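Since the structure is predicted, the reported quantities are computational estimates derived from the model, not experimental observations.
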There are 2 protein chains.
Amino acid sequence: MAYASALIALSDPTRRQVFERVIDGPRAVGQIAEGLPVSRPAVSQHLKVLKQAGLVTEQRRGTRRVYAANPQALGELRAWVEAMWRDALAAMMASIDGEEQK
Amino acid sequence: MAYASALIALSDPTRRQVFERVIDGPRAVGQIAEGLPVSRPAVSQHLKVLKQAGLVTEQRRGTRRVYAANPQALGELRAWVEAMWRDALAAMMASIDGEEQK
DNA sequence: TGCTAACGTAAGTCATGGCTTACGCATCGG
DNA sequence: CCGATGCGTAAGCCATGACTTACGTTAGCA
């Protein structure tokens with residue numbers, strides 16, 4: 001059920017912005033927060049959620065903390081959405097077939 | 001940006017349960033709510049959110065309202081996650097290559 | 001050994017959202 | 001035509017969560 005925490009993490013628009021910046025390449029917190037409409041502590045809190053969801057990894061670099069995207073957690077979410085999509089398609093086809101028979 | 005509302009809609013566990021029941025096949029509200037740990041009005045509210053996100057469609061059948069899954073909205077979410085996943089993979093590779101060169 | 005930079009965290013505020021009960025409204029059957 | 005069924009919606013409650021400012025902590029640097 002790792003996709004659950006990923007869904008929650010990515011449901012917030014600001015946190016999505018943070019995550020997309022990390023995906024662009026490994027960055028320190030200050031660089032991520034730069035230009036965002038929220039304060040740096042807010043970004044730290046978002047990164048904490050993303051980290052607990054497994055979406056990003058943290059690496060200490062002196063006084064800075066460099067965050068990088070972790071494709072694996074994204075892959076699990078991808079697999080879940082894919083399965084749901086397939087099921088929805090299959091159910092739709094079955095529903096149409098049932099309609100034809102009347 | 002249709003994926004945004006889909007992410008919000010699917011981030012709630014109860015709403016996910018509702019959606020998964022709809023994916024299983026078109027059902028009326030009463031059937032969906034049956035066995036769930038929340039009341040029927042709560043299910044109605046969840047269905048409203050899912051409908052506004054485009055994840056389900058509504059069809060009136062006498063006094064009942066039959067809800068069915070809409071694969072298209074799920075497909076858009078799928079495409080978005082897929083793109084993010086690719087980008088994350090690409091950034092990871094680039095990061096590793098940069099590491100090798102030092 | 002201070003000073004500064006780059007963080008995380010604590011505490012408090014405020015809006016959002018999920019849930020309940022109560023009610024209103026349309027539809028089918030007698 | 002009237003009761004019952006199957007809903008959606010309104011109102012209110014309460015927990016959660018996103019954000020702020022203030023502070024503590026650690027690492028580089030003169």
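Note on B:Arg15: only backbone sugar-phosphate atoms sit closer than 4.0 angstrom, heavy atoms only; bases stay farther off.
The phosphate of D:dG6 has OP1 or OP2 within less than 4.0 Å of a side-chain N or O from B:Arg64. Put simply, A:Thr14 has a side-chain N or O that comes within less than 4.0 Å of OP1 or OP2 on D:dC19. Checking the phosphate oxygens (OP1, OP2) of C:dC19, a side-chain nitrogen or oxygen of B:His46 falls inside 4.0 Å. The shortest distance between the side-chain N/O atoms of B:Arg65 and the OP1/OP2 oxygens of D:dC7 is not below 4.0 Å. In this model, the phosphate group of C:dT20 is approached by a side-chain N or O of B:Ser39 to a distance below 4.0 Å at OP1 or OP2.
Atom pair B:Asp12:CG and D:dT16:P shows a separation of 13 Å (rounding to whole Å applied). Spacing between atom NZ of B:Lys51 and atom P of D:dC7 amounts to 14 Å, rounded to whole angstrom units. Separating the NZ atom of B:Lys48 from the P atom of D:dT9 is a distance of 5 Å, rounded to the nearest angstrom. For the pair B:Ile32 CD1 and D:dC7 C1', the computed distance is 12 Å after rounding to whole Å. Distance CZ (B:Arg40) to P (D:dG6): 10 Å, rounded to an integer number of Å. The distance between atom CZ of B:Arg27 and atom P of D:dC7, rounded to the nearest whole Å, is 13 Å. Between the C1' atom of C:dC7 and the OH atom of A:Tyr67 lies a distance of 8 Å, rounded to the nearest Å. The distance between atom CG of B:Leu36 and atom C1' of C:dC19, rounded to the nearest whole Å, is 13 Å.
Side-chain contact between B:Asp12 and A:Leu7 is absent, with no heavy-atom pair separated by less than 4.5 Å.
Remark: side-chain polar atoms of B:Arg16 are paired, donor with acceptor, to backbone N or O of B:Leu10 under 3.5 angstrom. Judged by distance alone, the side chain of B:Arg27 and the main-chain N or O of B:Arg21 form a donor-acceptor pair under 3.5 Å. A:Arg40 places no side-chain N or O within 3.5 Å of a backbone atom of A:Ile32 that could act as its donor or acceptor partner.
Side chain of A:Ala42, nearest nucleotide from C:dT20, C:dC7, D:dT20: D:dT20. Residue B:Thr63 places its side chain closer to C:dT27 than to any other of C:dT9, C:dC7, C:dT27. Listed nucleotides: C:dC7, D:dT20, D:dA10. Nearest to the side chain of A:Gln45: D:dT20.
Place A:Ser11 and A:Arg60 on DNA chain D by their nearest nucleotides, and A:Ser11 ends up nearer the 5' end.
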Exercise for the section: Determine, step by step, whether B:Phe19 and A:Met84 satisfy the side chain to side chain contact (heavy atoms under 4.5 Å, CB included) criterion, reporting the C-alpha distance in whole Å, the side-chain angles of both residues, the deciding distance to 0.1 Å, and the verdict. Expected result: CA-CA 10 Å; B:Phe19 184 53; A:Met84 297 282 284; 3.5 Å; yes
